[in-house]
Enquirer: 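Just passing along the structure, written as structure tokens.
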There are 2 protein chains.
Amino acid sequence: MSRPRAKLVTNFPGCPVEATLTYLDGKWKGVILFHLMDRTLRFNELRRHLPAITQRMLTKQLRELEDSGLISRTVYPVVPPRVEYALTPLGTTLKPVIRALAAWGDEFVFCSPEGRELRIAKALNAPAAEIQA
Amino acid sequence: MSRPRAKLVTNFPGCPVEATLTYLDGKWKGVILFHLMDRTLRFNELRRHLPAITQRMLTKQLRELEDSGLISRTVYPVVPPRVEYALTPLGTTLKPVIRALAAWGDEFVFCSPEGRELRIAKALNAPAAEIQA
DNA sequence: CGGAATCCATGGAGATACTG
DNA sequence: CAGTATCTCCATGGATTCCG
């Protein structure tokens, strides 16, 4: 009797871009996968990487990623409990995608120092000609 | 008196992956950008590419992409109206990201023929060893 | 043709409390 | 430590109508 498997539904059958984004749905999953690219992480380690997420949401996102087959969940029968999350082989195939996302954010987006507002990097508000090249 | 500019807010300051995903927020924007990669498209041309989207949502997503500086909106003062959407120079910098998303979806996801349910391609449900390589 | 305006239902997500 | 279980609320997005 396992948990019912979540169904992922697309609005645009046949669109590979949307298919991928459906698996990264929400804004949390991408970040979770990003941190799992480096190494296996425990539940509370992930929480520390995602300061704003609630326990409930983290659990939910992890379950969905697990259902999708992108991450694995390993429970060690010890006290206190120890649960580790890691990329599955399928999950590792996403690395180039995650890296592409990270690279673009790194290059073009910055965050107002004190706040959380995102802005396009100054360099790209320059006249089009400079960028077109 | 221009429309107020939408503020993009992040939950994880300093995370480039989430920054990028914030700009692709929702599942529609990625698809819109994907289609604009090839060529400029008019409003109703985009609708035809996105059969499931409502007029209201398409307008909203296009406005947000415009606010982000990723696409441009050109109104031709003719009757009947003609409005064209295209990638800006900044938008074109997203092409590698969109291509990475499309490539992964192409390789690993398929859609049940009649429905809209997404599944991982059979090949990847195979034993890990086969994929790890 | 390409929207804007309005109304409304749904569920995504926060806060809080409890547990093996 | 790593989760459930409720309750609640508000934003997201659908349907419909009207407009330059």
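What you are looking at is a predicted structure, and each value in this text was computed from that prediction instead of being measured. Every chain is numbered from 1, with letters handed out A, B, ... down the list of sequences.
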Enquirer: Measure CZ/B/R82 against C1'/C/dG2 and give the value in whole Å, please.
Expert: 13 Å
Enquirer: Hydrophobic clusters join Ile, Leu, Val, Met, Phe, Trp and Tyr when side-chain heavy atoms are under 4.5 Å apart, directly or via other members; which others share one with A/Y76?
Expert: A/V78
Enquirer: Check this one for me: any side-chain N or O of A/R47 less than 4.0 Å away from OP1 or OP2 of D/dG3?
Expert: no
Enquirer: Could you tell me how far apart B/K60 (NZ) and D/dG14 (P) are, to the nearest whole angstrom?
Expert: 10 Å
Enquirer: Output one line per pair: protein atom, nucleotide atom from nucleotides 14-20 of chain C, and distance, for all N/O pairs under 3.5 Å.
Expert:
none

Enquirer: Using the test side chain to side chain donor-acceptor pair (under 3.5 Å), find all partners of A/R56 that sit at least two apart in sequence or belong to another chain.
Expert: none
Enquirer: Given atom CG of B/L62 and atom P of C/dC1, what is their separation to the nearest angstrom?
Expert: 17 Å
Enquirer: Please identify each residue that fulfils side chain to side chain contact (heavy atoms under 4.5 Å, CB included) with B/K60, with sequence neighbours left out.
Expert: B/M57, B/E64
Enquirer: Going by side chain to side chain donor-acceptor pair (under 3.5 Å), name the residues that satisfy it together with B/R99, two or more places apart in sequence or in a different chain.
Expert: none
Enquirer: Rounded to whole angstrom units, what separation is found between the CG atom of A/L46 and the P atom of D/dC1?
Expert: 14 Å
Enquirer: Taking it one step at a time, do B/L90 and A/F108 satisfy side chain to side chain contact (heavy atoms under 4.5 Å, CB included)?
Expert: CA-CA 9 Å; B/L90 176 64; A/F108 296 120; 4.2 Å; yes
Enquirer: Scan B/R73 against the nucleic acid and name what it touches under 4.0 Å (heavy atoms): base, sugar-phosphate only, or nothing.
Expert: sugar-phosphate
Enquirer: Tell me, with the steps shown, if B/R39 and B/E84 meet salt bridge (Lys or Arg N to Asp or Glu O under 4.0 Å).
Expert: CA-CA 10 Å; B/R39 62 185 198 86; B/E84 289 192 347; over 6 Å; no
Enquirer: I need the CZ-C1' distance between B/R48 and C/dC1, as an integer number of Å.
Expert: 11 Å
Enquirer: State whether A/Y85 places a side-chain N or O below 4.0 Å from either non-bridging phosphate oxygen (OP1 or OP2) of D/dC1.
Expert: no
Enquirer: Once you round it to whole Å, what is the distance between P of C/dG2 and CD of B/E45?
Expert: 8 Å
Enquirer: Expressed in angstrom and rounded to an integer, what is the separation of B/Q61 atom CD from D/dG13 atom P?
Expert: 6 Å
Enquirer: Round to the nearest Å and state the distance from B/L58 atom CG to D/dT12 atom P.
Expert: 17 Å
Enquirer: How close do B/A102 and B/F34 get, counting heavy atoms only, and between which atoms?
Expert: CB-CE1, 3.9 Å
Enquirer: Is the shortest side-chain heavy-atom distance between B/V17 and B/L21 below 4.5 Å?
Expert: yes
Enquirer: Which of residues 30-44 of chain A have a heavy atom under 4.0 Å from DNA chain C?
Expert: none
Enquirer: For the CD1 atom of A/I71 and the OH atom of A/Y85, what is their distance to the nearest 0.5 Å?
Expert: 6.5 Å
